[in-house]
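Data block below; observations after.
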Amino acid sequence: MPTDFENMVYDLLRNVPEGKVTTYKRLAERMGTKAYRAIGSALARNPYAPEVPCHRVVSSNGKIGGFMGKKSGPTILKKQNLLKDEGVEVKDGKIVGFKSKLV
DNA sequence: GACGCTAAAACCG
DNA sequence: CGGTTTTAGCGTC
């Protein structure tokens with residue numbers, strides 16, 4: 001159920017170049033709001049699976065966000081591999097060189 | 001109405 | 001100094 005709020009988040013995500021990552025707070029501040037918590041919820045529902053790289057969104061400390069770090073499902077692991085292929089290495093659920101890739 | 005999700009600050013040893 | 005934990009608020013279903 002994409003809402004206006006979610007639509008904004010997805011649009012900003014598509015603006016993130018491959019090989020780079022962003023944070024929930026960054027997206028919130030960028031869209032003019034500070035609901036980074038709601039963004040986490042919105043990305044968790046990500047209806048635009050491949051078009052919206054929710055895997056490029058991580059927490060503010062470079063650690064993987066709620067989309068794939070704790071459960072480590074098989075689908076999630078695949079996304080991590082995809083990130084590495086783009087140039088974003090994820091080790092132990094953390095982004096390697098995160099601040100260097102932060103947009 | 002309830003739930004989930006993140007960020008920030010403060011505290012301790 | 002570092003690491004960890006708790007609190008608070010936002011939006012969605």
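Here is the naming used below: chain letters follow the sequence lines, and residue numbers restart at 1 for every chain.
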Paired and unpaired positions of DNA chain C as dot-bracket, Watson-Crick or G-U wobble under 3.5 Å, | denoting a partner strand: ||||||||.||||
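- Not counting sequence neighbours, the partners of A/Ser59 by the side-chain contact (heavy atoms from CB on, under 4.5 Å) test are A/Asn61, A/Lys63.
- A heavy-atom distance below 4.5 Å is not found between the side chains of A/Val103 and A/Val21.
- Between A/Arg56 and A/Glu18 there is no salt bridge, since none of the side-chain N atoms of the basic residue sits less than 4.0 Å from a carboxylate O of the acidic one.
- In this structure the side chain of A/Glu51 reaches within 4.5 angstrom of the side chain of A/Arg14, judged on heavy atoms.
- When the P atom of C/dC13 is taken as reference, atom CZ of A/Arg45 falls 6 Å away, rounded to whole Å.
- When side chains are defined from C-beta on, A/Leu13 counts as touching A/Leu43, because their heavy atoms get closer than 4.5 Å.
- Side-chain contact between A/Ile39 and A/Met31: present, with at least one pair of heavy atoms (C-beta onward) separated by less than 4.5 Å.
- Between the P atom of C/dC13 and the CG atom of A/Asp4 lies a distance of 12 Å, rounded to the nearest Å.
- Backbone-only contact: A/Ala35 has heavy atoms under 4.0 Å from sugar-phosphate atoms and none from a base.
- Backbone-only contact: A/Thr3 has heavy atoms under 4.0 Å from sugar-phosphate atoms and none from a base.
- Within the structure, the salt bridge (Lys or Arg N to Asp or Glu O under 4.0 Å) test picks out the following pairs touching residues 91-103 of chain A (sequence neighbours left out): A/Asp92-A/Lys94.
- Distance A/Met8 CE to C/dC10 C1': 13 Å, rounded to the nearest Å.
- Rounded to a whole Å, the CG atom of A/Leu27 is 17 Å from the P atom of B/dC5.
- Computed from coordinates, the A/Asn7 CG to C/dT12 C1' distance equals 15 Å when rounded to whole Å.
- Distance, A/Glu6 CD to C/dC13 C1': 10 Å, rounded to whole Å.
- With sequence neighbours left out, A/Ser60 forms a side-chain contact (heavy atoms from CB on, under 4.5 Å) with no residue at all.
- A/Tyr10 pairs by the ring-ring contact (aromatic ring centres under 6.0 Å, His included) definition with A/Tyr48, not counting sequence neighbours.
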Which atom pairs link the protein and nucleotides 7-10 of chain B when you take only N or O atoms and keep those under 3.5 Å?
unit_1 : atom_1 : unit_2  : atom_2 : d
B/dA7  : OP1    : A/Ser60 : N      : 2.8
B/dA7  : OP2    : A/Ser60 : N      : 3.3
B/dA8  : OP1    : A/Lys25 : NZ     : 2.3

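- Counting to the nearest Å, the C1' atom of B/dC5 and the CG atom of A/Leu43 are 10 Å from each other.
- In this structure, the CD1 atom of A/Ile39 is 23 Å from the P atom of B/dC3, given to the nearest Å.
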